[in-house]
2 protein chains.
Amino acid sequence: MAKTRRLTPELVIETAARLANERGDVSQITLTNLAAELNIRVPSLYNHVKGLEGLQRDLTVWGLQQLLAITREAVLGKVGRDALLAVAHAYRAFAHAQPGVYSLVLKAPPPEDAQLTALSNELLMILQLVLASYHLEGEDALHAIRGFRSVLHGFVSLETSGAFELPLDRDESFNRLVAIYLDGLSKN
Amino acid sequence: MAKTRRLTPELVIETAARLANERGDVSQITLTNLAAELNIRVPSLYNHVKGLEGLQRDLTVWGLQQLLAITREAVLGKVGRDALLAVAHAYRAFAHAQPGVYSLVLKAPPPEDAQLTALSNELLMILQLVLASYHLEGEDALHAIRGFRSVLHGFVSLETSGAFELPLDRDESFNRLVAIYLDGLSKN
DNA sequence: ATTATATACTAATATTATTAGTTTGTCAAG
DNA sequence: CTTGACAAACTAATAATATTAGTATATAAT
């Protein structure tokens, strides 16, 4: 019976992410689940995360970092409409790849959590920069960010929760929605 | 110590709704909470709801009925763009009035639950009729329904979860978003 | 080689949901 | 008015989960 050190923070969080994505629903990540998956006892988890709440918080950070990374990569070398389309597709791809983690990421960060808030702001800043290259600034840009986030989150959230059941191409639905919004933005 | 009948199904579900709305997060409605609020013991709740899952399901039905009612009322005597705007504002008003119940209502109904599925379909049918009066039919209408729902749900969900923190008028953001989408729909 | 620390463990407790079985008002039928 | 069925409350017991306290040991550093 080994008391040897085997777990790394990465392994713990990635296992948790896998469980979250397999189960879909965040409420179904339990410390019991995670401990079993890692072959340790539940109380031993407290050496790695600050309880269930801490685990979810760590998962959120992890997810935001991933989303940030693929968003940065998506907009690299792009401006204007191309960049916005790239953001849209990166966002949706992230939600598909990490359905369980996704639902954590979109929650507003608690203001007292500096790291979460910083990550969240970084994402917003990217959007703001991209919209600036779409000739939107000031209050117009802020309204546009809200609108764009709403469009992306709304579609992706309904889609991953199974609300779009009809045998109708979801890619097409998404492309139309994004196109309509971006067209509308540029006609102000 | 009274074993007298005091509770009605309405009282139970409305108390649960109040708790859900006060706490915001659905995961924080507990049978313990609800029983305390009703001044009965937890097991006695099982005379009224089929466990926690049944309670949430009943709340969902209740919420859908409300949403359906205010949507019907909103579109009464309206067609085309007027009707769609009315639906949008009714939807948002519902989410503001019932933030806790709202998060239950938007989940895709389990196919085996006939009542939930029926209510959900009724809402979709209203949307479909309204869009038909906006000169959208067939696949175009289906894509449009997805888009419209995404817009509404996305904004309202982010808004009620506290994601729009900046001191920028949210009504204005919402109106712009909806206007952009509806404009885009009519220009196909 | 020795020691400090990280990390695993067991044991115990609190919270919540659930089931089983019992009691007692209430209401309607005779 | 009595009585009997039923609805709806109760207590008691169990299971799942999270959490804390305290202990033991392998690994890493000195």
Side-chain angles (χ1 to χ4, degrees), chain A residues 1-62 100-101 103-104 107 110 112-113, chain B residues 1-62 100-101 103-104 107 110 112-113:
Chain A
M1 203 45 58
K3 311 235 167 175
T4 162
R5 297 172 196 182
R6 308 173 286 112
L7 303 181
T8 62
E10 288 72 28
L11 182 56
V12 173
I13 206 70
E14 279 165 16
T15 304
R18 186 165 49 74
L19 283 181
N21 293 329
E22 281 171 10
R23 301 218 173 7
D25 192 358
V26 182
S27 71
Q28 305 218 357
I29 323 170
T30 63
L31 296 184
T32 305
N33 272 339
L34 180 55
E37 200 73 17
L38 294 169
N39 291 304
I40 60 177
R41 307 295 166 141
V42 176
S44 308
L45 272 180
Y46 284 75
N47 290 316
H48 303 282
V49 296
K50 290 189 181 167
L52 188 60
E53 222 176 303
L55 172 63
Q56 293 180 355
R57 187 263 175 195
D58 292 349
L59 256 188
T60 308
V61 169
W62 184 84
V101 176
S103 58
L104 287 172
K107 293 202 305 183
E112 70 275 12
D113 189 324
Chain B
M1 203 45 57
K3 312 236 165 175
T4 161
R5 298 172 195 180
R6 306 175 287 114
L7 303 181
T8 62
E10 288 71 28
L11 181 57
V12 172
I13 207 70
E14 280 165 16
T15 304
R18 185 164 49 75
L19 283 181
N21 293 329
E22 281 171 11
R23 300 216 171 8
D25 193 356
V26 182
S27 71
Q28 305 219 356
I29 323 171
T30 64
L31 296 185
T32 305
N33 271 339
L34 181 55
E37 200 72 17
L38 295 169
N39 290 304
I40 60 176
R41 306 296 166 143
V42 176
S44 307
L45 272 179
Y46 284 75
N47 289 316
H48 303 281
V49 296
K50 290 190 181 167
L52 187 58
E53 224 175 302
L55 172 63
Q56 292 180 356
R57 186 262 175 198
D58 292 349
L59 256 187
T60 308
V61 169
W62 185 85
V101 176
S103 58
L104 287 172
K107 293 203 304 184
E112 72 274 11
D113 189 325

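First the proteins, then the strands, lettered A, B, ... as listed; each starts at 1.
For A/Thr32, the listed nucleotide lying nearest its side chain is D/dA18; candidates were C/dA8, D/dA9, D/dA18. In the set D/dA8, D/dT11, C/dT16, the nucleotide with an atom closest to the side chain of B/Pro43 is D/dT11. Side-chain proximity of A/Ile40 to the nucleotides C/dT16, C/dA8, D/dC10 is greatest for C/dA8.
Between the CG atom of B/Leu55 and the C1' atom of C/dT16 there is a distance of 14 Å, given to the nearest Å. Atom CG in B/Asn33 sits roughly 12 Å away from atom C1' in C/dT15 (whole-Å rounding). Spacing between atom CG of A/Leu45 and atom C1' of C/dC9 amounts to 13 Å, rounded to whole angstrom units. Between the P atom of D/dT19 and the CD atom of A/Glu53 lies a distance of 8 Å, rounded to the nearest Å.
Distances shown here put every side-chain N or O of A/Tyr46 at or beyond 4.0 Å from the OP1 or OP2 atom of D/dT20. OP1 and OP2 of D/dA8 both lie 4.0 Å or more from every side-chain N or O belonging to B/Ser44. OP1 or OP2 of D/dA9 sits under 4.0 Å from a side-chain N or O of B/His48.
Proximity of B/Asp113 to B/Arg57: side-chain heavy atoms (C-beta onward) are separated by under 4.5 Å at one or more points.
Among residues two or more places apart in sequence or in another chain, the side-chain hydrogen bond (donor to acceptor under 3.5 Å, both in side chains) test is passed with A/Thr8 by none. The side-chain hydrogen bond (donor to acceptor under 3.5 Å, both in side chains) test applied to A/Gln28 returns no partner, not counting sequence neighbours.
A salt bridge links A/Glu22 with A/Arg18: the closest approach of a Lys/Arg side-chain nitrogen to an acidic carboxylate oxygen falls below 4.0 angstrom.
Of the residues in residues 8-31 of chain B, not one places a heavy atom less than 4.0 Å from an atom of DNA chain D.
Annotation for A/Glu53: atom CD does not count as buried by contact number, only 12 or fewer foreign heavy atoms lying within 6.0 Å.
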